[in-house]
There are 2 protein chains.
Amino acid sequence: MIIEALGERTLRFSELRDEVEGISHKMLTQNLRMLERNGLAERKVHPTVPPRVEYTLTKPGRALRATVDGMCDWTHEYFGRIEAARRRFDDG
Amino acid sequence: MIIEALGERTLRFSELRDEVEGISHKMLTQNLRMLERNGLAERKVHPTVPPRVEYTLTKPGRALRATVDGMCDWTHEYFGRIEAARRRFDDG
DNA sequence: CTGTATCCGGTTTGATACTG
DNA sequence: CAGTATCAAACCGGATACAG
């Protein structure tokens, strides 16, 4: 998730692309636009050459990240049980 | 979300169908299977006629529900700002 | 009532090519 | 480097029909 990748940091487009592994150029752009539109991330363009565009989470964005972290905690806590349940289900 | 609908209760298939408004028969079945497979919900079949199947959240499921509640809280807290940001973005 | 199987149109996505 | 446009392929969800 882009929100997790950003965290408290400020990252460039290509840095995010590397960070969020597996995401396509197109999806990254699309999601960043969405975050920007909803005021969750801020986009800062440096008018240099080559272009440099940086993204940072806003206050709402960081708050959302906190709740997402809750999900991550849940995963760490229960992922083992989930895999076990999955095996039980798939077998018998 | 089914998880929210279930909450602390035990509900029948058709009760869930009514509770989670707009969900199709197919999606409900599919999601319930997923929850069951991952050990997030428990499925109890009463071998009567007509059939009676009840669903309850397991401990991991209830824990997940707690984090989902976190998301809901976030939404209540920030939805106003999001809409405002959206308007600003769409305008200028 | 609960559940599975099939079909089918709309959406989404990655690949690719192109611009400033 | 960052971003847009386009197009075919894959995916998904709803509707429907049918079964236990």
Side-chain angles (χ1 to χ4, degrees), chain A residues 1-58 61 64 68 71 82 85-86 88-92, chain B residues 1-58 61 64 68 71 82 85-86 88-92:
Chain A
M1 187 51 130
I2 294 175
I3 287 183
E4 281 303 305
L6 271 179
E8 302 296 327
R9 298 175 295 172
T10 292
L11 292 179
R12 302 184 55 174
F13 183 87
S14 46
E15 289 171 334
L16 269 171
R17 193 173 178 7
D18 296 339
E19 206 77 12
V20 185
E21 49 182 289
I23 195 169
S24 69
H25 186 142
K26 182 183 176 180
M27 277 299 98
L28 180 55
T29 303
Q30 210 166 98
N31 287 328
L32 284 173
R33 286 289 162 288
M34 192 254 275
L35 291 176
E36 189 192 358
R37 185 172 115 89
N38 293 325
L40 267 36
E42 202 180 1
R43 180 167 178 269
K44 181 153 193 189
V45 182
H46 296 75
T48 60
V49 48
R52 178 187 186 82
V53 183
E54 294 180 329
Y55 294 90
T56 318
L57 289 184
T58 61
L64 177 55
V68 171
M71 301 287 272
I82 289 173
R86 211 120 78 177
R88 279 196 301 275
F89 189 89
D90 290 344
D91 293 353
Chain B
M1 198 22 144
I2 295 174
I3 288 184
E4 282 302 306
L6 271 178
E8 302 296 327
R9 299 175 293 171
T10 293
L11 292 180
R12 303 184 53 174
F13 182 87
S14 47
E15 290 171 334
L16 270 172
R17 192 168 177 15
D18 295 340
E19 205 77 11
V20 183
E21 48 182 288
I23 195 169
S24 69
H25 187 141
K26 182 183 177 180
M27 275 300 97
L28 182 55
T29 304
Q30 207 166 100
N31 287 327
L32 284 173
R33 286 291 163 284
M34 192 254 276
L35 291 176
E36 190 192 358
R37 186 172 112 88
N38 293 325
L40 268 35
E42 202 180 3
R43 180 165 177 269
K44 181 153 193 189
V45 182
H46 297 76
T48 60
V49 47
R52 179 187 186 82
V53 183
E54 295 179 328
Y55 293 90
T56 319
L57 290 184
T58 61
L64 177 56
V68 171
M71 300 288 271
I82 289 174
R86 209 121 77 177
R88 279 195 300 277
F89 189 88
D90 291 345
D91 292 354

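What you see below is based on every heavy atom in this structure, not just the backbone, and it leaves out hydrogens, waters and symmetry mates. A note on names: the letters A, B, ... follow the listed sequences, proteins ahead of strands, and every chain is numbered from 1.
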*Asks:* So, applying side chain to side chain contact (heavy atoms under 4.5 Å, CB included) with B:Leu35, which one of B:Thr58, B:Leu40, B:Leu64 is it?
*Replies:*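 Testing each of B:Thr58, B:Leu40, B:Leu64 against B:Leu35, the sole residue satisfying side chain to side chain contact (heavy atoms under 4.5 Å, CB included) is B:Leu40.
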*Asks:* Which atoms form the tightest heavy-atom contact between A:Ala5 and A:Glu19, and what is the distance?
*Replies:*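 A:Ala5 and A:Glu19 have their closest heavy atoms at CB-CG, 3.8 Å.
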*Asks:* Between C:dG14 and A:His25, counting only base atoms on the nucleotide and side-chain atoms on the residue, is there a donor-acceptor pair under 3.5 Å?
*Replies:*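 When only heavy-atom distances are counted, A:His25 does not reach the base of C:dG14 through any donor-acceptor pair under 3.5 Å.
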*Asks:* Over how many whole Å does the gap from B:Leu11 atom CG to C:dC1 atom C1' extend?
*Replies:*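 Taking CG of B:Leu11 and C1' of C:dC1, I get 15 Å after rounding.
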*Asks:* What bend angle does the helix from C:dC1-D:dG20 to C:dG20-D:dC1 show across its length, from five-pair end axes and to the nearest 10 degrees?
*Replies:*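 Angle reported: 40°, given to the nearest ten degrees.
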*Asks:* Between B:Arg12 and C:dT2, is there a side-chain N or O to OP1/OP2 distance below 4.0 Å?
*Replies:*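 Answer yes for this pair, as a side-chain N or O of B:Arg12 is under 4.0 Å from OP1 or OP2.
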*Asks:* Taking all non-hydrogen atoms of both residues, which atom of B:Ile3 and which atom of B:Leu57 are closest, and how far apart?
*Replies:*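 Minimum heavy-atom contact is O-CD1, 3.7 Å.
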*Asks:* Measure the spacing between CE of B:Met34 and CZ of B:Arg37 and express it to the nearest 0.5 Å.
*Replies:*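 Between B:Met34 CE and B:Arg37 CZ, I get 10.0 Å after rounding to 0.5 Å.
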*Asks:* Which heavy-atom pair separates B:Leu32 from B:Phe13 by the least distance, and what is that distance?
*Replies:*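 Answer, listing the atom of B:Leu32 first, then B:Phe13: CD1-CD1, 3.9 Å.
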*Asks:* State whether the side chain of A:Thr10 and the backbone N or O of A:Glu54 hold a donor-acceptor pair below 3.5 Å, judged by distance alone.
*Replies:*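 Checking the backbone N and O of A:Glu54 against the side chain of A:Thr10, no donor-acceptor pair under 3.5 Å is found.
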*Asks:* Between CG of B:Asn38 and CD of B:Glu36, what distance do you get to the nearest 0.5 Å?
*Replies:*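 Going from CG on B:Asn38 over to CD on B:Glu36, the span is 10.0 Å.
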*Asks:* Strictly below 4.0 Å: does B:Ser14 bring a side-chain N or O up to OP1 or OP2 of C:dT2?
*Replies:*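 Yes, B:Ser14 has a side-chain N/O under 4.0 Å of OP1/OP2 on C:dT2.
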*Asks:* Side chain to side chain contact (heavy atoms under 4.5 Å, CB included) between B:Tyr55 and B:Glu15: does it pass, once the steps are laid out?
*Replies:* CA-CA 10 Å; B:Tyr55 293 90; B:Glu15 290 171 334; over 6 Å; no
*Asks:* Figure out the CD/C1' separation between B:Glu15 and C:dT2, and round it to whole Å.
*Replies:*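 Going from B:Glu15 (CD) to C:dT2 (C1'), I get 13 Å.
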*Asks:* Heavy atoms within less than 4.0 Å of DNA chain C: which residues of residues 31-51 of chain B have one? Give them sorted by number.
*Replies:*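 Heavy-atom cutoff 4.0 Å gives B:Arg33, B:Arg43, B:Pro50, B:Pro51.
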*Asks:* Enumerate the protein-to-nucleotides 7-14 of chain D contacts in which both atoms are nitrogen or oxygen and the separation is below 3.5 Å.
*Replies:*
{"from": "D:dG13", "atom 1": "N7", "to": "B:Lys26", "atom 2": "NZ", "distance (Å)": "3.3"}
{"from": "D:dG14", "atom 1": "OP2", "to": "B:Ser24", "atom 2": "OG", "distance (Å)": "2.9"}
{"from": "D:dG14", "atom 1": "N7", "to": "B:Lys26", "atom 2": "NZ", "distance (Å)": "3.3"}
{"from": "D:dG14", "atom 1": "O6", "to": "B:Lys26", "atom 2": "NZ", "distance (Å)": "2.0"}

*Asks:* Tell me if a side-chain donor or acceptor on A:Arg17 pairs with a main-chain N or O of A:Ile23 at a distance below 3.5 Å.
*Replies:*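 It does hold such a pair.
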*Asks:* Looking only at heavy atoms, what is the nearest atom pair of A:Ile2 and A:Val20, with distance?
*Replies:*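 Reported closest heavy-atom pair: CA-CG2, 4.1 Å.
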*Asks:* For B:Leu28 and C:dG3, what is the distance between atoms CG and C1' respectively, to the nearest whole Å?
*Replies:*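 Rounding to the nearest Å, CG of B:Leu28 and C1' of C:dG3 are 11 Å apart.
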*Asks:* Give the rounded distance in Å between these two atoms: CZ of A:Arg52 and P of D:dG3.
*Replies:*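 The answer, rounded to whole Å, is 13 Å.
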*Asks:* Please check if the number of heavy atoms outside A:Glu42 that lie under 6.0 Å from its CD is greater than 12.
*Replies:*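 No - once you tally the heavy atoms of other residues, nucleotides and ligands closer than 6.0 Å, there are 12 at most.
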*Asks:* What's the CZ-P distance between A:Arg17 and C:dG14, to the nearest Å?
*Replies:*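 Result: 10 Å.
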